[in-house]
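Residue numbers start from 1 in every chain, and the chains themselves are labelled A, B, ... in the order their sequence lines are given, proteins ahead of strands. Predicted model only: the values in this text are computed from it and were never measured.
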Amino acid sequence: MSIQITFPDGNVKSFDAPVTGLAIAQGISPGLAKKAAVIKVDDALWDLNRPIVRDARISIITRDKPEALEVIRHDAAHVLAQAVQELFPGTQITFGPATEVGFYYDFARDTPFTEADLEAIENKMREIVKRDLPIKREVWDRDAALKHFEAAGESFKAEWIREGIAADEELSIYRQGDNWLDMCLGPHLPSTGKLGSAFKLIRVGGVYWRGDANNAQLQRIYGVCFATDDELKAYLKQMEEAEKRDHRKLGKQLDLFHQQEEAPGMVFWHPKGWAIWQAVEQYVRGVYKASGYQEVRGPQIMDVSLWKRSGHWDNYQENMFFTESEKRTYAVKPMNCPGHVQIYNAGLHSYRDLPIRYAEFGGCHRNEPSGALHGIMRVRAFTQDDGHIFCMPEQVEGEVTAFHQQAMQVYADFGFTDLAVKLALRPDKRLGTDEAWDRAENALRAALRAAGVAWEELPGEGAFYGPKIEYHLKDSIGRSWQVGTIQFDPMMPERLDASYIDESSQRVRPIMLHRAIVGSMERFIGILIEHHAGALPFWLSPVQAVVAPIVSDADGYASEVCELLKGEGLRAQADLRNEKINYKIREHALQKIPVILVVGRKEAEERTVTLRLRGIDAQETLPLDQALARLKAMR
RNA sequence: GCCGAAAUAGCUCAGUCGGUAGAGCGACUGAUUCGUAAUCAGUAGGUCGCAGGUUCGAUUCCUGUUUUCGGCACCA
């Protein structure tokens, strides 16, 4: 039988069926066959040696293409699995996909893998690559597969066949050489030799079977993998650089903050770190004012009955701190919203007053699981740039759109342009009817559409009271953190009895929007530090300028210059230590001070200063008033 | 919270196959006044995370615990 194969350029050629991708590639050129990784058949990626038996549009995917890279990484996972089973018989295989930079595979084994094991496993992987084992796809009968894996003691694979694969679904098995196989959707490279050498095992960690904490604990081995050795090398280099930007490291080096054993998950802000905080806070306060918020302040602890009414006690009591006095139990606030509702409820509101927007730099405590703590990014005591908008349902879309635009402007002002916008939809554990959730989710979608942004939807990730839009930023090693959010909440007004009087004098529930732009001040400052590698923009730098005299004869003049700068509201210091100018320059450069003003005898006599700006070796000497004007312009 | 690892001077780290520890930087003191990324010399500084156990003797071995790190789960 002959089939028609359509090539990417539109050419059509007849082949005797079955024909494989590899054969087609060889027909074009041996070079292409060598570079080929997989073949795209219509819109699906297939193995090169999988027989094509029908008319199809095809394109050969060479190993330098992104789609091929995913296959290479997936292959690496399988080679890893085989290596582990050869080295550690009795270890069960489960799943092993490609990731953004490599791959992982999850194993069930009683004995933990050690760092030394990783080295041995990686060597075994290279050996399997060298053996160049053919990789072949087979379609198995479901019962046969079940029987095989059960007989092999692979209970996790067997469970997956029973519970994870639909009865009518095709079950594919990939054989790697004669003695090893795995159940897998594929596609894969034609042989292990095609994997190449650009991979490296990097760490091992514990995970739960099927991502559920109630299930068995597995061990996940992570690797990184690229198409070429140069790319791997570049990646490892980049990671090394990224580690230098770690906010925990820079926080210490730049003397911004510290944390200690007696206060896990909490931050001791040092003067320089607090200066950054103040700069951020004053900026955000300006945003509050500009966008119609009134700043308020609620109490830090409130009777637990209030938290029972709000629903927080039911959902989060495990993660709340409590304190007691005179036989009453108080909850240390984990959120500011119930407090804001009390402020709202203290007065009577007409529909004409809405929207009412309250804002607070609200300090919250949440007893986060110990394993979740991470520097100042995930803490147990934090401050939100929190705000709550009480409005009518028809005002929601406009408020959300306005918020979005304001938030994007704020991120841009701090130097962030690469934001991920996500829409978190109804979770399993929730309040309210499905109809209410439909309305809420659609209102947020409409607002995002109106704002003209692309967003990702996250089913099941919403808050218990409503859906939310989330804004995410990445840290130096690629971990994604939520910063801003706006959340739709029809539940809290109901539970805490908030209302307004509508046009026909009826008491009606407002909608409440919870919103934050920087989110947690702690987390945001952590991300700021990493994003700028500690070299914060001038307006955020804790010390904006250092005046450094060359000889002690210039000390008086240096102090005068420093006082002048401070008088203009700049954060300046004079470095009058008995050290050489080289020493001072080096130290302040390492401290990432944006401006160093060097003054020697000459400057003191002529009333000039020599400016040295961060990142620029060239110097410029200019009169004091001009230098001052220059610095003021940098704010 | 779960799996794994780690914790030594202010910081970065070395070390002790069980005999109570060392470097560099920093700090302090003195000398030096030196024009754009480290001047020289000297001094001080540590219950080796905490609590038990084994031992003649523990920072080292064992157990527990706290915190941190990596991963997962969680993240109102």
Side-chain angles (χ1 to χ4, degrees), chain A residues 104 106 109 111-115 202-222 246 248-249 252-253 255 258-265 307 310-316 318-320 333-338 364 366-375 377-380 382 384 424 427 429-430 461-466 468 470 477 479 481-482 485 487 489 491-492 514 519-520 523 548-555 578-591 596-603 610-612 616-619 621:
Chain A
Y104 65 76
D106 294 345
R109 177 180 182 237
T111 319
F113 292 113
T114 64
E115 296 292 321
I202 50 170
R203 66 176 67 96
V204 54
V207 296
Y208 299 106
W209 167 238
R210 294 166 81 169
D212 187 333
N214 299 311
N215 287 346
Q217 182 110 32
L218 308 174
Q219 295 183 69
R220 175 173 297 176
I221 296 178
Y222 286 90
D246 190 310
R248 293 164 297 191
K249 197 170 261 190
K252 217 176 266 177
Q253 278 166 12
D255 194 20
H258 86 270
Q259 297 177 277
Q260 68 185 48
E261 212 170 318
E262 290 81 355
W307 302 99
S310 71
H312 290 99
W313 197 83
D314 282 342
N315 283 281
Y316 292 107
E318 294 298 314
N319 298 308
M320 289 167 69
K333 71 171 171 178
M335 288 192 89
N336 307 300
C337 36
C364 295
R366 295 181 187 174
N367 199 1
E368 303 283 10
S370 55
L373 303 181
H374 180 91
M377 302 285 210
R378 185 82 183 270
V379 287
R380 288 188 175 140
F382 59 98
Q384 288 174 308
K429 203 174 159 189
R430 61 177 182 262
E461 307 243 319
F464 70 90
Y465 49 71
K468 53 181 180 167
E470 302 177 353
I477 55 171
R479 280 186 281 220
W481 298 91
Q482 180 188 307
T485 182
Q487 314 184 352
D489 182 3
M491 299 300 154
M492 199 75 60
H514 308 245
S520 146
R523 173 178 297 177
I550 295 168
V551 292
S552 51
D553 286 354
D555 283 1
N578 175 14
E579 295 291 351
K580 287 186 165 182
I581 192 63
N582 285 315
Y583 181 91
K584 294 182 184 178
I585 296 283
R586 176 181 153 79
E587 192 165 292
H588 300 307
L590 288 175
Q591 285 292 307
I596 303 172
L597 299 92
V598 177
V599 294
R601 285 201 185 89
K602 193 159 145 274
E603 284 85 354
T610 299
L611 287 185
R612 186 191 165 107
I616 302 169
D617 286 341
Q619 306 131 40
T621 303

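- Side chains of A:Arg378 and A:Ser520 form no contact here, defined as non-hydrogen atoms less than 4.5 Å apart.
- The distance between atom CD of A:Glu470 and atom P of B:C75, rounded to the nearest whole Å, is 11 Å.
- Nucleotides B:C75 and B:C17 are separated by 46 Å at their C1' atoms, to the nearest Å.
- Across all strands shown, B:G52 forms a Watson-Crick or G-U wobble pair with B:C62, both key distances being under 3.5 Å.
- Taking only side-chain nitrogens and oxygens, A:Lys580 never comes nearer than 4.0 Å to OP1 or OP2 of B:G35.
- When both distances must be under 3.5 Å, the Watson-Crick or G-U wobble mate of B:C72 is B:G1.
- In this structure, the CD atom of A:Gln482 is 11 Å from the P atom of B:C75, given to the nearest Å.
- Nearer to the 5' terminus of RNA chain B, by closest-nucleotide assignment, is the contact made by A:Asp617 (compared with the other of A:Met320 and A:Asp617).
- Here the C1' atom of nucleotide B:A73 and the OH atom of A:Tyr208 are 5 Å apart, to the nearest Å.
- Across all strands, A:Gly311 comes closer than 4.0 Å to no nucleic acid atom at all (heavy-atom distances).
- Among the nucleotides B:U68, B:G49, B:A73, the one closest to any side-chain atom of A:Pro264 is B:U68.
- Base pairing analysis places B:C34 opposite nothing; no Watson-Crick or G-U wobble pair with both distances below 3.5 Å involves it.
- Distance check on atom P: B:U59 versus B:G1 gives 28 Å, rounded to whole Å.
- Taking side-chain N and O atoms only, A:Lys333 has no distance below 4.0 Å to OP1 or OP2 of B:A76.
- A distance of about 16 Å separates the C1' atoms of B:G15 and B:A58, rounded to the whole Å.
- Pairing for B:U67 is with B:A6, a Watson-Crick or G-U wobble pair whose two hydrogen-bonding atom distances lie under 3.5 Å.
- A gap of 8 Å separates the C1' atoms of B:C48 and B:A21, to the nearest Å.
- Under the 4.5 Å side-chain criterion, counting only non-hydrogen atoms from C-beta, A:Met377 is not in contact with A:Arg479.
- Annotation: A:Glu318, atom CD; neighbour count of heavy atoms from other residues, nucleotides and ligands within 6.0 Å does not exceed 12.
- In this model, the phosphate group of B:G4 is not approached by any side-chain N or O of A:Arg203 to a distance below 4.0 Å at OP1 or OP2.
- Counting heavy atoms from C-beta outward, A:Glu587 and A:Glu579 have side chains that stay 4.5 Å or more apart.
- For A:Arg523, whose side chain is taken as the heavy atoms from C-beta onward, the closest listed nucleotide among B:C75, B:C2, B:U36 is B:C75.
- Between A:Asn582 and B:A37 there is a side-chain N or O to OP1 or OP2 distance below 4.0 Å.
- Counting to the nearest Å, the C1' atom of B:G71 and the CD1 atom of A:Ile477 are 11 Å from each other.
- As the counterpart of B:U43, B:A27 is assigned, both hydrogen-bonding distances of the Watson-Crick or G-U wobble pattern falling under 3.5 Å.
- A:Gly466 comes within contact range of no nucleotide atom at all, as no heavy-atom separation falls under 4.0 Å.
- Close to B:C75, at under 4.0 Å from its OP1 or OP2, lies no side-chain N or O of A:His374.
- Nucleotide B:U20 forms a pair with no other nucleotide shown, judged by Watson-Crick or G-U wobble geometry with both contacts under 3.5 Å.
- Of the candidates B:A73, B:C11, B:G71, the closest approach to any side-chain atom of A:Ala372 belongs to B:A73.
- Within 4.0 Å of A:Thr610, counting heavy atoms only, lies at least one base atom of the nucleic acid.
- In this entry the distance linking CD of A:Glu318 with P of B:C75 reads 13 Å, nearest Å.
- A:Ile596 comes within 4.0 angstrom of nothing in the nucleic acid, heavy atoms only.
- Sequence order on RNA chain B of the closest nucleotides to A:Val207 and A:Thr621 puts A:Thr621 first from the 5' end.
- If you check every strand for non-hydrogen atoms under 4.0 Å, A:Lys602 touches a base.
- The distance from atom CG of A:Leu373 to atom P of B:A6 is 21 Å, rounded to the nearest whole Å.
- Across the C1' atoms, B:U16 and B:G46 are found 15 Å apart, a figure rounded to whole Å.
- At a threshold of 4.0 angstrom between heavy atoms, the contacts of A:Glu603 include nucleobase atoms, whether or not backbone atoms are also involved.
- The nearest whole Å value for the distance from the CD atom in A:Gln219 to the P atom in B:C2 is 17 Å.
- Taking 4.5 Å as the limit, every side-chain heavy atom of A:Trp307 sits out of range of all side-chain heavy atoms of A:Tyr316.
- For A:Ser552, no side-chain nitrogen or oxygen approaches OP1 or OP2 of B:U33 to under 4.0 Å.
- Base contact: A:Ile585 has a heavy atom under 4.0 Å from a base atom.
- B:U20 and B:U60 are spaced 14 Å apart, taking the P atom of each and rounding to whole Å.
- Taking 4.0 angstrom as the limit, A:Arg248 places a side-chain polar atom (N or O) nearer than this to OP1 or OP2 of B:G70.
- When side chains are defined from C-beta on, A:Val379 counts as touching A:Gln259, because their heavy atoms get closer than 4.5 Å.
- Distance noted for atom P between B:G18 and B:C2: 32 Å (whole Å).
- Taking the side chain as every heavy atom from C-beta outward, A:Val599 and A:Thr610 never approach each other to under 4.5 Å.
- Among the nucleotides B:A37, B:A73, B:G71, the one closest to any side-chain atom of A:Ala213 is B:A73.
- Applying the 5.5 angstrom centroid cut-off and the 30 degree plane-angle cut-off, the aromatic ring of A:Phe113 is not stacked upon the base of B:G4.
- Between A:Tyr104 and A:Arg203 the shortest side-chain heavy-atom distance does not fall below 4.5 Å.
- No donor-acceptor pair closer than 3.5 Å links the side chain of A:Arg220 to the backbone N or O of A:Asp106.
- One finds a side-chain N or O of A:Arg479 lying less than 4.0 angstrom from the OP1 or OP2 phosphate oxygen of B:G70.
- For the OP1/OP2 pair of B:G26 and a distance below 4.0 Å, the side-chain nitrogens and oxygens of A:Tyr583 include at least one atom meeting the criterion.
- For the C1' atoms, the distance from B:C13 to B:C74 is 35 Å, rounded to whole Å.
- Heavy atoms of A:Asn319 sit under 4.0 angstrom from at least one base atom.
- Nucleic acid contact class of A:Pro112 (heavy atoms, under 4.0 Å, all strands): sugar-phosphate only.
- Side chains of A:His514 and A:Gln384 form no contact here, defined as non-hydrogen atoms less than 4.5 Å apart.
- In this structure, A:Arg380 does not reach the B:C74 phosphate: none of its side-chain N or O atoms is under 4.0 Å from OP1 or OP2.
- Rounded to an integer number of Å, the gap from A:Met377 CE to B:G70 C1' is 16 Å.
- Backbone-only contact: A:Gly265 has heavy atoms under 4.0 Å from sugar-phosphate atoms and none from a base.
- Of the listed nucleotides (B:A37, B:G71, B:A76), B:A37 has the atom at the smallest distance from the side chain of A:Ala589.
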